[in-house]
Protein chains: 2
Amino acid sequence: MTRLPAAERRTRLVDAAVRVVAERGVAGATTRAIVAEAGMSLASFHYAFTSRDELMAELITTVVAHELTALRPELPTGRTLHDTLREGFMRYFDHLVAAPEREAAMLELTHYALRTPGLEALAERQYESYAELATLSLASAAAAHGVRWTRPVPELATTLVALTDGITIAWLVNRDGELAAAAFDLAAASIARFAEPVAEPVPSAHSSRPAHSLEATS
Amino acid sequence: MTRLPAAERRTRLVDAAVRVVAERGVAGATTRAIVAEAGMSLASFHYAFTSRDELMAELITTVVAHELTALRPELPTGRTLHDTLREGFMRYFDHLVAAPEREAAMLELTHYALRTPGLEALAERQYESYAELATLSLASAAAAHGVRWTRPVPELATTLVALTDGITIAWLVNRDGELAAAAFDLAAASIARFAEPVAEPVPSAHSSRPAHSLEATS
DNA sequence: GCCCGACTGGGTCAACCGTCCCAGTTCTCT
DNA sequence: AGAGAACTGGGACGGTTGACCCAGTCGGGC
């Protein structure tokens, strides 16, 4: 008998549930499958959680946090804005290809949350977090390339997340990597076209970047 | 005892299943829920279908066909390409807002098909059909506005479907109609920017549309 | 050492599920 | 009219599910 504090057992059960959902989908993540994966008894499940839905809520919160950490934007390295955006999309795509079942699970969990009374707010929070991440990416890219966005950033962020989700679904269905990569490149080009150079307000003592350099590099 | 031929009973069961999935999701579409909705006995279910999966396969085929019919592109009426594309997106958005649970069900069925051995090909066929519809829309819009696409059409079609799916999910989660409409407008603008006027091969006796008229109208 | 709370794990419960069984009814064909 | 196929519908089956039960063990505090 190895004793674990309840909090530790909860963590292990949630980690196990992440793996089970990824492998079998939400419907396959029964309490028995989860405890089997965690190497525990069924009673331990109910000792640690009052219900399966409580575990699912915590599962959603956990996987969203992990996703945000994994996809935190890196310092922009592209020579052009388009390059930077494309690199961001391709970084996500590498992440998707490395573990397709994970992204499929994210999408399934969204639908599950929307369908489960009491969990709707988690789906909302999930998508707010994605929008924040997209906003951060857009701001970072704009700053690195000396541009500003010609559309309201919430719209651009929504569109960026939509493109990501939509191309993900298409890829999960057809596994056409070339087409997905091309679509991500097209997505990057689309968004890049809503940028314009930031005009310098006044001449400064610093050597300023010429306004036409954006055109020259694209 | 009202006698029905098996084919009629199958149709009624599928129609009932469409309603049940829309209301309760795939997990809630049990054989008992479906027959209750159809006003039949459970034995009639198994008389008409050899298994629940057989009914689900037919359900997917049916709802995809209905979706394609509902979203068949209309004659382009926009004054500019951007307008035409935006109108197409907004027509879809009206369709979504009129029955959100229907589009949510479509997405859920995709995931269900991907998760169910033997049904994967239905998900693929679903997305091929969407791409064909998008391709038709793009061709129709290009012809109406005298432009051609500067990106391969499969890429543009994939992106158009991705934008549709992605904005749908975002709206299902947050029900922010203004943001969704703005995102659809931005999506239309994005795609419109991958068009260029079709050059006339040779001067003709017909009055030709001036090449700069596209810029003037946008 | 004792007590109490935290923890463990085997077992059980009622409800639900997809599938199957089977007797009865109806319809069509000969 | 009779036979056979198509159809009807109530019930049963074995399996699965989330949740609960409960006796036993362990650890910490007094």
Side-chain angles (χ1 to χ4, degrees), chain A residues 1-21 23-60 108-109 111-113 115-119 122, chain B residues 1-21 23-60 108-109 111-113 115-119 122:
Chain A
M1 182 186 300
T2 303
R3 284 188 133 233
L4 287 175
E8 174 67 21
R9 201 170 292 268
R10 287 167 71 97
T11 299
R12 292 191 184 192
L13 282 167
V14 169
D15 290 346
V18 169
R19 297 192 291 274
V20 173
V21 168
E23 183 179 342
R24 303 169 173 217
V26 170
T30 62
T31 54
R32 286 170 173 83
I34 292 164
V35 297
E37 175 71 26
M40 297 187 199
S41 70
L42 191 52
S44 295
F45 183 100
H46 291 287
Y47 182 76
F49 290 99
T50 59
S51 70
R52 180 176 178 272
D53 269 358
E54 189 192 349
L55 173 134
M56 296 305 286
E58 192 158 323
L59 168 65
I60 291 168
E108 279 183 64
L109 284 166
H111 289 292
Y112 172 77
R115 283 279 181 201
T116 307
L119 298 190
L122 289 176
Chain B
M1 182 188 298
T2 304
R3 286 190 129 229
L4 285 178
E8 175 67 20
R9 202 171 289 273
R10 286 167 73 96
T11 299
R12 292 192 184 191
L13 282 166
V14 169
D15 290 346
V18 170
R19 297 192 293 275
V20 173
V21 168
E23 183 180 343
R24 306 170 168 216
V26 171
T30 62
T31 54
R32 287 170 173 83
I34 293 165
V35 296
E37 175 71 27
M40 298 184 198
S41 70
L42 192 51
S44 296
F45 183 101
H46 292 286
Y47 182 76
F49 292 98
T50 59
S51 70
R52 180 175 177 272
D53 269 358
E54 187 192 353
L55 173 134
M56 296 303 285
E58 193 158 323
L59 169 65
I60 290 169
E108 280 183 65
L109 284 165
H111 289 292
Y112 172 76
R115 285 280 183 198
T116 307
L119 298 190
L122 289 176

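Reminder, nothing fancy here: chain letters follow the sequence lines and each chain counts from 1. Side chains included, hydrogens not; waters and symmetry mates left out as well; all remaining heavy atoms used.
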>> Using the rule given for side-chain contact (heavy atoms from CB on, under 4.5 Å), can you reason through Glu58(B) versus Phe49(B), listing the C-alpha separation, both sets of side-chain angles and the distance that settles it, and then say yes or no?
In response: CA-CA 10 Å; Glu58(B) 193 158 323; Phe49(B) 292 98; 3.8 Å; yes
> When you look at Arg115(A) and Glu108(B), which way does the side-chain contact (heavy atoms from CB on, under 4.5 Å) test go after all the steps?
Replying inline: CA-CA 10 Å; Arg115(A) 283 279 181 201; Glu108(B) 280 183 65; 2.7 Å; yes
> Please walk me through it: do Val26(B) and Met56(B) pass side-chain contact (heavy atoms from CB on, under 4.5 Å)?
Replying inline: CA-CA 9 Å; Val26(B) 171; Met56(B) 296 303 285; 4.0 Å; yes
>> One pair to check against side-chain contact (heavy atoms from CB on, under 4.5 Å): Val21(B) and Tyr112(B). What are the steps and the verdict?
In response: CA-CA 12 Å; Val21(B) 168; Tyr112(B) 172 76; over 6 Å; no
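Thr116(B) places no side-chain N or O within donor-acceptor distance of the main-chain N or O of Leu119(B), the cut-off being under 3.5 Å. For the pair Thr50(A) (side chain) and His46(A) (backbone), a donor-acceptor distance under 3.5 Å is absent. Listed for the Arg10(A) side chain is a donor-acceptor partner under 3.5 Å among the backbone atoms of Ala48(A).
If you measure from atom CD of Glu8(B) to atom C1' of dT8(D), you get 16 Å, rounded to the nearest angstrom. With rounding to whole Å, Met40(B) atom CE is found 20 Å from dG11(D) atom P. Atom CZ in Arg3(A) sits roughly 10 Å away from atom P in dA6(C) (whole-Å rounding).
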Side-chain donor/acceptor pairs under 3.5 Å, residues 27-42 of chain A, sequence neighbours excluded:
| residue | atom | partner | partner atom | Å |
| --- | --- | --- | --- | --- |
| Thr30(A) | OG1 | Ala33(A) | N | 3.0 |
| Glu37(A) | OE2 | Arg19(A) | NE | 2.6 |
| Glu37(A) | OE2 | Arg19(A) | NH2 | 3.4 |
| Ser41(A) | OG | Ser44(A) | N | 3.3 |
| Ser41(A) | OG | Ser44(A) | OG | 3.1 |

Taking N or O atoms only and anything under 3.5 Å, show me the protein contacts with nucleotides 28-30 of chain D, one pair per line.
none

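Residue side chain Arg32(B) reaches the base of dG18(C) through a donor-acceptor N/O pair under 3.5 Å, judged by distance alone.
Nearest to the side-chain atoms of Thr30(B) among the listed nucleotides dT8(D), dG18(C), dT17(D) stands dG18(C).
Near DNA chain D, meaning a heavy atom under 4.0 Å from it, residues 41-57 of chain B has Ser41(B), Ala43(B), Tyr47(B) in order of number.
Take Asp15(B) and apply the side chain to side chain donor-acceptor pair (under 3.5 Å) test, not counting sequence neighbours, and it matches no residue. Evaluation of the side chain to side chain donor-acceptor pair (under 3.5 Å) rule for Glu8(A) yields Arg12(A) as partners, not counting sequence neighbours.
When the C1' atoms of four end pairs are superposed on the next four at each end of the helix from dG1(C)-dC30(D) to dT30(C)-dA1(D), using five pairs per end, the two resulting axes differ in direction by 0°, to 10°.
At a threshold of 4.0 angstrom between heavy atoms, the contacts of Arg9(B) are confined to the sugar-phosphate backbone, with no base atom among them.
Shortest non-hydrogen contact noted between Tyr47(A) and Ala6(A) is CE2-CB, 4.1 Å.
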